[in-house]
Amino acid sequence: MVPTGAYGTWPSPIDARIAAAHGGRPEYVGVVGDEVWWTEPRPAEGGRRALVRRRPDGTEEQVLPAPWNVRSRVVEYGGQPWAGAVRGEDATPLVVFSHFPDQRLYVYEPDGDTAPVPLTPVSGVGGGLRWVDPVIHPDRGEVWCVLEEYTGPGPGDVRRVVAAVPLDGSAAEDRRAVRELTDDRHRFVTGPRLSPDGRRAVWLAWDHPRMPWDGTVVMTADVTADGTFTDARPIAGGEEEAVCQADWAPDGSLLFVSDACGWWELQRIRPGDTRPAGLCTGRAEEFGGPLWKIGLKWFQPLDDGTIAVIHGRGATGLGILDPETGQVVDAPGPWTEWASTLAGHGTRVVGVAASPRSGYEVVELDTCTGRTRVIGSAHDDSVDPAYYPEPQIRTFTGPDNREIHAHIYPPHNPDRIAPDDELPPYVVWAHGGPTAHVPLVLDLEIAYFTSRGIGVAEVNYGGSTGYGRSYRDRLREQWGVVDVEDCAAVAEALAAEGTADPARLAIRGGSAGGWTAAASLAATGVYACGTLLYPVLDLDGWAAETHDFESRYMESLIGPPEDVPGRYRERAPLDQVERITAPFLLLQGLDDVICRPEQSERFLAAMAGRGIPHAYIAFEGEGHGFRRADTVVRALEAELALYLQVFGITRPDVPPLELRK
């Protein structure tokens, strides 16, 4: 007989260290010769990103040992940090990569005897030179990529161009050896893709105040015999049309994903044509997503003329699109989320996917047989799946009868049942972005709470991606209103239907989700406490202090500051501290350049002396998003301690959290 235990007191084999070991996911898959390569996290090694290769015989090994860290800082969120190729009669593999500590590009022959060789100069003024989204052109002896160059000490003193870096190392000591292929007319660009005949290049560009999910342009240029770009011109996209990826098909057609019809859909411009035609219109689902990082991919042209596509509404799947018929055949398997990275080689397609029963793993589809298989994972699953939560896909009704999408994870533990007369505590998780979404996948941080008897509700509030542009645009000038209302509506609905204890509701979020959590504590009385991870708290300060990429994001989320200055003060948690009466935990990375620690410090200073119990934990060496195992462990244990203390749950195995007033 299963013992009875109060919610929150259940023993669990999923401790914080196990959850931390599962942090991060494989990213940036590619094919080098006959091998599949990708990057994956190493939380126990200071959070570095390792580059991994899988040989044809199935063996796996690191391409680069520690401390090499394959990660770019372009637009701070980075993007595609490596490119591989083979050259010579013996098909020697070659890799070019960005090393996180110094942000230089390096070239390396992993089967040779030499160490990585720098290709680009040491960074200079203001953080200097950064590189992302490389493509190796061995015949030209160059790697083409995006160059981000800081020209002064401020976050806005920056220019970005498409550049060509020589593979012979001549630019390692001489910046002048880098060829700039475009001018800097656009504030932001992605890396160029060369047409099959080598005569044209395509890339994306956009400018302040737009974010890439607001409006981008598709740029093309003719490429001369010496690799110079001429006649650069926009051919698609615009200020109100967001294109998130562009590439060439084997027949020379230009493919791109545009949301001009209200959903991200695949478009094609055939050789000789000037107008695009939709390849899979009218499906009311997304074939793309928000371009938070440079070089993300939602489609991959294949040699036989078909196209591998990531698509779906809310959840996503991998399909093979026939561009002549518009038919999409989905790959079999349990996966409910495919990350925005794809690679193709012959009849193989490789991506990264996860499900409610499995974390993110590298998956290969054989398009000839239709079979899928897992070929790589960032970690070994040491947890009994019996302790995994069982998610529920729910749609709630919010203010103005608007739909709210959410994933509900009730408390679950095979070793305990709760008393019949007790309702469980719940924590509402607000995702970051805010132009993003939470996928329906296994997350051991969620399981850390649900296996102890605390439910989790992940809310894809209005403004989230995956449900079309109109759903995404609900947050325009409504940040701090719609997201707060939608999270509260889900929490109150769970309480009203008897799923959650109305007296034991909490909210937590990181980055933009931290803003929603803090704004919710100020604007509603729904929550007994909250956890704020590296949050946005001070709108005026954030816009002045944050990085260039998001420095004008507020103009779409809140409104132009010159037009609505009062709105900034009405919504910012820093300016509403007198309305916050619930305890909170604030977690902050001291190296965060997106949500700087000064914001948290100003917020704490404003809260001082108000008598509200709170705790502040700052982490040396952590930036925006925690990557180190020890940090994640400390943060999770502190968060659990907050809920236990506020909800009145006694657990002798959890040290109390020191709350100050």
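Throughout, residue positions are numbered sequentially from 1 according to the sequence presented. These values consider heavy atoms only, across backbone and side chains, with no hydrogens, waters or symmetry-generated copies.
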Donor-acceptor contact present, side-chain [X] to main-chain [Y], <3.5 Å:
X      : Y      : answer
Asn69  : Phe100 : no
Thr190 : Leu204 : yes
Asp486 : Asp483 : no
Thr546 : Ile594 : yes
Thr120 : Leu105 : yes
Thr182 : Val162 : yes
Arg87  : Leu94  : no
Ser72  : Pro81  : no
Arg49  : Thr39  : yes
Ser511 : Gly432 : no

**Study point:** Pair listing, ring pair (Phe, Tyr, Trp, His ring centres under 6.0 Å) test, anchored in residues 258-291, at least two apart
**Key:** Phe287-His311
**Study point:** side chain to side chain contact (heavy atoms under 4.5 Å, CB included) assessment of Met219 paired with Val189
**Key:** CA-CA 9 Å; Met219 298 290 297; Val189 292; over 6 Å; no
Reported [atom1]-to-[atom2] distance for the pair [X] and [Y], which is rounded to 0.5 angstrom:
X      : Y      : atom1 : atom2 : result
Tyr28  : Ser340 : OH    : OG    : 7.5 Å
Cys244 : Glu286 : SG    : CD    : 8.5 Å
Thr216 : Glu241 : OG1   : CD    : 7.5 Å
Thr281 : Leu266 : OG1   : CG    : 11.0 Å
Arg73  : Ser98  : CZ    : OG    : 10.5 Å
Leu51  : Glu27  : CG    : CD    : 12.5 Å

For [X], what residues pass the salt bridge (charged side-chain N to carboxylate O under 4.0 Å, His left out) criterion, not counting sequence neighbours?
X      : result
Arg474 : none
Arg104 : none
Arg176 : Asp174
Arg283 : Glu285

Qualifying salt bridge (charged side-chain N to carboxylate O under 4.0 Å, His left out) pairs, either residue in [range], two or more places apart:
range            : result
residues 247-256 : none
residues 144-160 : Arg130-Glu148, Glu148-Arg160, Glu149-Arg159, Glu149-Arg175, Arg159-Glu180, Arg159-Asp184, Arg160-Asp548
residues 229-238 : Asp222-Arg233, Asp231-Arg233

Exercise for review: Please test Leu167 against Arg140 for side chain to side chain contact (heavy atoms under 4.5 Å, CB included), starting from the C-alpha separation and ending with a verdict.
Suggested key: CA-CA 9 Å; Leu167 283 169; Arg140 299 179 182 274; over 6 Å; no
Practice item. Take Glu550 and Trp542 through the test side chain to side chain donor-acceptor pair (under 3.5 Å) and record every step on the way to the result. Key: CA-CA 10 Å; Glu550 293 182 270; Trp542 187 83; over 6 Å; no
Note, [X] side chain near [Y] side chain (heavy atom, < 4.5 Å):
X      : Y      : answer
Leu279 : Ile307 : yes
Pro434 : Trp479 : yes
Arg476 : Asp214 : yes
Leu475 : Tyr461 : yes
Glu40  : Val362 : no
Val202 : Ile235 : no
Val86  : Val32  : yes
Leu181 : Arg179 : yes

Practice item. Determine, step by step, whether Trp37 and Trp82 satisfy the ring pair (Phe, Tyr, Trp, His ring centres under 6.0 Å) criterion, reporting the C-alpha distance in whole Å, the side-chain angles of both residues, the deciding distance to 0.1 Å, and the verdict. Key: CA-CA 10 Å; Trp37 293 25; Trp82 73 276; 5.7 Å; yes
Exercise for review: Just jot down the side-chain contact (heavy atoms from CB on, under 4.5 Å) partners of Pro560, sequence neighbours excluded, or say none.
Suggested key: Glu477, Glu562, Asp563
Review point. Partners of Gln245 by side-chain contact (heavy atoms from CB on, under 4.5 Å), sequence neighbours excluded?
Key: Lys297, Trp298, Phe299
Exercise for review: Using distance alone, with no hydrogens and no angle criterion, decide if Ser464 and His431 have a side-chain donor and acceptor under 3.5 Å apart.
Suggested key: yes
Point to revise | Verdict with reasoning, Thr274 to Ile269, per side chain to side chain contact (heavy atoms under 4.5 Å, CB included) | key: CA-CA 7 Å; Thr274 58; Ile269 301 178; 5.9 Å; no
Point to revise | Carboxylate-amine/guanidinium contact Arg596 Glu545, below 4.0 Å | key: no
Check your understanding: Any salt bridge between Arg270 and Glu324, counting N to O under 4.0 Å?
Key -> yes
Name the atoms and distances for all side-chain donor-acceptor pairs under 3.5 Å in residues 132-139, with sequence neighbours left out.
unit_1: Asp133; atom_1: OD1; unit_2: Arg193; atom_2: NH2; d: 2.8
unit_1: Asp133; atom_1: OD2; unit_2: Gly191; atom_2: N; d: 2.9
unit_1: Asp133; atom_1: OD2; unit_2: Arg193; atom_2: NH2; d: 3.4

Point to revise | Output field: ring centroids His547/Tyr77 closer than 6.0 Å | key: yes
Which label fits [X] and [Y]: parallel for a plane angle under 30°, tilted from 30 to 60°, or perpendicular past 60°?
X      : Y      : result
Tyr467 : Tyr471 : tilted
Trp292 : Tyr553 : perpendicular
Trp206 : Phe549 : perpendicular

**Study point:** With Phe97, the ring pair (Phe, Tyr, Trp, His ring centres under 6.0 Å) member among Tyr108, Trp131, Tyr106
**Key:** Tyr106
Practice item. Kindly state each residue pair satisfying side chain to side chain donor-acceptor pair (under 3.5 Å) with at least one member in residues 341-354, sequence neighbours excluded. Key: Arg348-Glu364
